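Below: the structure, in structure tokens.
Index from 1, following the sequence. It should be emphasised that the depicted structure is a prediction, and the values quoted were computed from it without experimental measurement.
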Amino acid sequence: MDVGPAGGEHEHEGDLVCVLDTDGRVQYASPSHLGYLEPGAMAPGTEWIDLVHAEDRLNARQFLTLLRSTKSSERVQLRMFPSHGNWHVVECRGNPVQDENGNTQMIVLVSHDATTYLRAEIQSQLASP
């Protein structure tokens with residue numbers, strides 16, 4: 001069970017769902033983004049890549065390029081959401097949406113904050129003999 005940023009206990013409650021155009025601009029963002037970002041940070045027309053840590057932007061650009069050219073769901077881990085303090089490690093699952101001719105029309109991203117899980121995994125590895 002995932003615990004969302006606002007402390008909810010429903011599965012996937014804290015996941016951020018957003019729809020991007022093929023240039024990577026936000027068209028829609030679920031209200032869950034307010035648990036991570038200031039209001040307006042994901043306003044329509046905002047560049048999604050601007051929410052990614054500078055050192056991860058090349059990977060994010062490659063991810064978007066891949067999603068524009070594939071018909072399958074893809075995943076990537078990136079550092080995102082800096083406005084409320086620390087960076088979060090986020091697993092993004094991208095799903096391209098094509099028209100009847102197979103042309104990508106939009107990208108649906110579902111992002112899950114994996115920071116707590118990864119910290120616990122590292123601490124467990126450090127505690128192992």
Side-chain angles (χ1 to χ4, degrees):
M1 186 170 303
D2 301 323
V3 177
E9 295 183 1
H10 297 92
E11 186 174 0
H12 304 295
E13 184 176 293
D15 288 358
L16 168 63
V17 177
C18 64
V19 176
L20 306 178
D21 66 16
T22 56
D23 292 325
R25 289 185 301 263
V26 174
Q27 300 301 299
Y28 166 82
S30 62
S32 60
H33 80 278
L34 295 172
Y36 298 99
L37 300 164
E38 299 297 326
M42 291 196 77
T46 302
E47 297 285 337
W48 173 78
I49 205 95
D50 291 343
L51 301 172
V52 176
H53 189 285
E55 294 175 8
D56 290 348
R57 287 187 183 160
L58 176 60
N59 287 343
R61 283 187 186 91
Q62 291 171 339
F63 178 61
L64 289 177
T65 298
L66 176 62
L67 289 170
R68 285 191 288 264
S69 65
T70 188
K71 294 181 181 185
S72 62
S73 177
E74 300 291 339
R75 292 177 186 259
V76 68
Q77 281 189 353
L78 303 165
R79 288 171 286 178
M80 298 183 71
F81 311 133
S83 67
H84 286 167
N86 297 327
W87 290 94
H88 295 257
V89 177
V90 177
E91 181 173 284
C92 299
R93 187 177 69 240
N95 300 290
V97 178
Q98 288 91 21
D99 63 15
E100 62 278 352
N101 297 319
N103 299 313
T104 299
Q105 296 298 302
M106 67 184 82
I107 297 167
V108 177
L109 287 181
V110 178
S111 301
H112 174 76
D113 188 348
T115 306
T116 303
Y117 169 77
L118 291 172
R119 282 186 187 142
E121 187 176 287
I122 290 169
Q123 289 176 347
S124 175
Q125 289 174 358
L126 291 173
S128 297

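- Looking at L20 and L64, their side chains come closer than 4.5 Å, going by heavy atoms from C-beta outward.
- The shortest non-hydrogen separation linking L67 to G94 is CD2-O, 3.5 Å.
- Side chain of T104 to backbone of M106: no donor-acceptor contact under 3.5 angstrom is found.
- S73 places a side-chain heavy atom less than 4.5 Å from the side chain of R93.
- Here the rule is side chain to side chain contact (heavy atoms under 4.5 Å, CB included) with C92, and of M80, R75, Q77, E74 only M80 fits it.
- If you take OH on Y28 and CG on L109, they are separated by 13.0 Å, rounding to the nearest 0.5 Å.
- The shortest non-hydrogen separation linking S111 to V90 is CB-CG1, 3.4 Å.
- Side-chain atoms of D99 and Q105 form a donor-acceptor pair, as typed in the model, at a separation below 3.5 Å.
- Proximity of a side-chain donor or acceptor of R79 to a complementary backbone N or O of V52 within less than 3.5 Å is not detected.
- Residues I107 and T22 fail the side-chain proximity criterion, which asks for heavy atoms closer than 4.5 Å.
- V19 has its side chain out of reach of V97: every pair of non-hydrogen atoms, C-beta onward, lies at least 4.5 Å apart.
- Between the side chain of S69 and the backbone N or O of L66, at least one donor-acceptor pair lies under 3.5 Å.
- Summarising the geometry, atom CD1 belonging to I49 is positioned 12.0 Å from atom CG belonging to D23; distances are rounded to the nearest 0.5 Å.
- A side-chain donor-acceptor contact under 3.5 Å links H53 to the backbone of E55.
- Rounding to the nearest 0.5 Å places CD of Q98 at 8.5 Å from CG of N103.
- For the pair R25 and D21, the minimum side-chain heavy-atom distance is below 4.5 Å.
- In this structure, the side chain of T65 engages the main chain of R61 through a donor-acceptor pair within 3.5 Å.
- With contacts defined as side-chain heavy-atom distances shorter than 4.5 Å, the pair S30/L16 qualifies.
- Looking at L51 and M42, their side chains come closer than 4.5 Å, going by heavy atoms from C-beta outward.
- A heavy-atom distance below 4.5 Å is not found between the side chains of F63 and R68.
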